[in-house]
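Small disclaimer: the values here were computed from a predicted structure and weren't measured.
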Amino acid sequence: MQAWHVHENGEPGEVMRLAEAERPTPGDGQVLVRVRAANVNFPDALLCRGQYQIRPPLPFTPGVEICGETEDGRRVIGNPALPYGGFAEYAVADAAALLPAPESLDDAEAAALHIGYQTGWFGLHRRADLQAGETLLVHAAAGGVGSAAVQLGKAAGATVIGVVGGADKAAVARELGCDAVIDRRTEDVVAAVKEATGGRGADVIYDPVGGEAYTQSAKTVAFEGRIVVVGFASGTIPSPALNHALVKNYSILGLHWGLYNTKNPKLVQHCHDQLTGLAARGAIKPLVSERVPLAEAATAVQKVADGRSTGRIAVVMEEAR
């Protein structure tokens with residue numbers, strides 16, 4: 001089979017190498033999965049750089065989110081078990097962690113329904129308890145994680161404000177359904193949020209960026225608001241001023257979705273059922289902005305690493321294209 005390998009840490013475009021390899025052998029409780037589509041996620045770039053919380057032994061195959069087919073013919077989605085990731089013709093996955101692929105979505109869309117949407121659902125519903133009628137502010141609203149949060153927020157009946165970087169991404173955010181869009185490159189985010197909310201601020205803020213975005217969040221969160229910390233795509237981990245949270249009466253909520261796979265896997269299945277239902281009704285649909293062949297996977301990961309993508313880029317295998 002063909003598979004991308006990382007033999008040393010560095011930028012994805014420099015360290016990912018496509019080569020012929022033997023099919024991986026599943027371990028106890030694992031299954032071999034023929035990959036139909038693998039979506040590119042920011043953690044793939046972090047894995048290449050050696051900066052992710054999980055550091056598989058070198059060499060490894062990145063690709064943390066797939067739609068594939070098991071040997072008994074089931075179409076499934078899930079997270080491959082590293083070091084045998086999804087940017088290959090075959091991957092290995094823990095059998096218990098695989099979920100049925102929604103029939104209403106094609107392979108690339110089905111793969112994209114997993115990490116970003118599970119993270120969004122847990123962040124907005126399990127952690128922040130988003131209510132219909134509340135205002136949700138989403139940073140990086142045109143990205144893979146942000147676009148999922150926008151759709152889930154609208155499906156929940158919230159008013160959604162999207163923050164993006166650039167006119168092209170602003171257009172994507174509007175198409176996703178944002179009620180208001182703020183271009184951080186040309187607008188004062190804090191002033192724009194206050195204007196859009198009549199000075200009240202946002203009830204829930206979804207932040208996969210960190211850095212300056214978190215600073216803006218603390219300035220624009222409403223009384224009894226909730227800031228959901230999802231990640232640090234900016235590369236800067238903020239240090240919250242807890243006295244500010246006390247004086248302004250807001251909550252800072254951390255979300256590491258992967259923990260639910262070991263701490264409470266039944267909730268992951270429940271979330272998948274909810275997402276499948278929303279997809280079947282057309283309330284959510286993953287934004288797949290590009291579909292590329294396996295040979296272009298490294299270029300796609302580098303594009304996501306550089307912040308030049310919108311939605312998800314899907315690596316689609318020839319048999320499934």
| request: Please determine if Glu134 and Arg226 form a salt bridge, counting it only when a charged side-chain N lies under 4.0 Å from a carboxylate O. | output: yes
| Is the backbone of Glu224 close enough, under 3.5 Å, to the side chain of Asn249 for a donor and an acceptor to pair up by distance? | no
| task | Compare every heavy atom of Ile205 with every heavy atom of Ala202, then report the nearest pair and how far apart it is. | result | CB-CG1, 3.9 Å
| query | Hey, what do you get for CG (Leu275) to CG (Leu152), rounding to the nearest 0.5 Å? | reply | 6.5 Å
| Is a side-chain N or O of Lys248 found less than 3.5 angstrom from the main chain of Ala218, in a donor-acceptor match? | yes
| said: Quick one about Tyr260 and Gln118 (side-chain donor to acceptor, distance below 3.5 Å, no hydrogens or angles considered), yes or no? | reply: no
| message | I'd like to know if Ile227 and Ile237 are part of one continuous hydrophobic network [Ile/Leu/Val/Met/Phe/Trp/Tyr, side-chain heavy atoms within less than 4.5 Å]. | response | yes
| request: Please report the closest heavy-atom contact between His256 and Gln53, naming both atoms and the distance. | output: NE2-NE2, 3.5 Å
| query | Less than 4.5 Å apart, any side-chain heavy atom of Lys303 and any of Arg308? | reply | yes
| message | Between Arg49 and Asp44, does any side-chain N to carboxylate O distance fall below 4.0 Å? | response | no
| query | Would a distance-only check, ignoring hydrogens and angles, find a side-chain to backbone donor-acceptor pair under 3.5 Å from Ser234 to Val209? | reply | yes
| Among side-chain atoms of Arg312 and Asn41, is any donor-acceptor pair under 3.5 angstrom? | yes
| So does Arg34 pair up with Glu69, basic N to acidic O under 4.0 Å? | yes
| query | Step by step, would you call Arg185 with Asp183 a salt bridge (Lys or Arg N to Asp or Glu O under 4.0 Å)? | reply | CA-CA 5 Å; Arg185 294 182 180 175; Asp183 185 347; 5.3 Å; no
| said: Looking at every heavy atom in both Thr310 and Val172, which two are closest together, and how far apart are they? | reply: CG2-CG2, 4.2 Å
| said: Return the NE2 to OG1 distance between His5 and Thr61, rounded to the nearest 0.5 Å. | reply: 4.0 Å
| Between the main-chain N or O of Lys285 and the side-chain N or O of Gln151, is there a donor-acceptor pair closer than 3.5 Å? | yes
| Does Asp72 CG have over 12 foreign heavy atoms under 6.0 Å away? | yes
| Can Glu212 and Arg184 be counted as an ion pair, charged N to O under 4.0 angstrom? | no
| Close aromatic pair by centroid cut-off 6.0 Å: Tyr250 and Phe223 | no
| message | Using side-chain heavy atoms (C-beta onward) and a distance below 4.5 Å, is Leu32 in contact with Pro24? | response | yes
Using atom types as modelled, flag every donor-acceptor pair under 3.5 Å from a side chain in residues 95-103 to any protein atom, sequence neighbours excluded.
none

| field | Shared hydrophobic cluster, Val150 / Ile115 (ILVMFWY, side-chain heavy atoms < 4.5 Å) | value | yes
| Evaluation steps, side chain to side chain contact (heavy atoms under 4.5 Å, CB included), between His7 and Leu58 | CA-CA 5 Å; His7 290 271; Leu58 297 168; 5.9 Å; no
| query | Are Trp257 and Tyr52 connected, step by step, through hydrophobic side chains (Ile, Leu, Val, Met, Phe, Trp, Tyr) whose heavy atoms are closer than 4.5 Å? | reply | yes
| query | For the side-chain contact (heavy atoms from CB on, under 4.5 Å) test, which of Leu124, Ile161, Asp179, Thr159 pairs with Leu136? | reply | Leu124
| task | Scan for ring-ring contact (aromatic ring centres under 6.0 Å, His included) pairs involving residues 265-290, sequence neighbours excluded, and state none if there are none. | result | Trp121-His270
| field | Exercise: identify the closest heavy-atom pair between Trp4 and Pro62 | value | O-CD, 4.0 Å
| Should the pair Asp107-Arg75 be classified as a salt bridge under the 4.0 Å nitrogen-to-oxygen rule? | yes
| message | When you measure from the side chain of Asn39 to the backbone of Ala108, do you find a donor-acceptor pair of N or O atoms at a distance under 3.5 Å? | response | yes
| said: As a quick check of understanding, evaluate salt bridge (Lys or Arg N to Asp or Glu O under 4.0 Å) for Arg23 and Glu89, giving each step before the final call. | reply: CA-CA 8 Å; Arg23 291 184 187 180; Glu89 291 180 305; over 6 Å; no
| said: Minimum heavy-atom separation for Ile66 and Ala38, please, with both atom names. | reply: CG2-CB, 4.0 Å
| query | How about Gln131 and Asp129: does a side-chain donor come under 3.5 Å of a side-chain acceptor? | reply | yes
| remark: For Val230 and Pro208, the nearest pair of non-hydrogen atoms, with its separation, is CB-CA, 4.0 Å
| message | If the condition is side-chain contact (heavy atoms from CB on, under 4.5 Å), which residues does Arg174 pass it with, not counting sequence neighbours? | response | Ala170, Val181
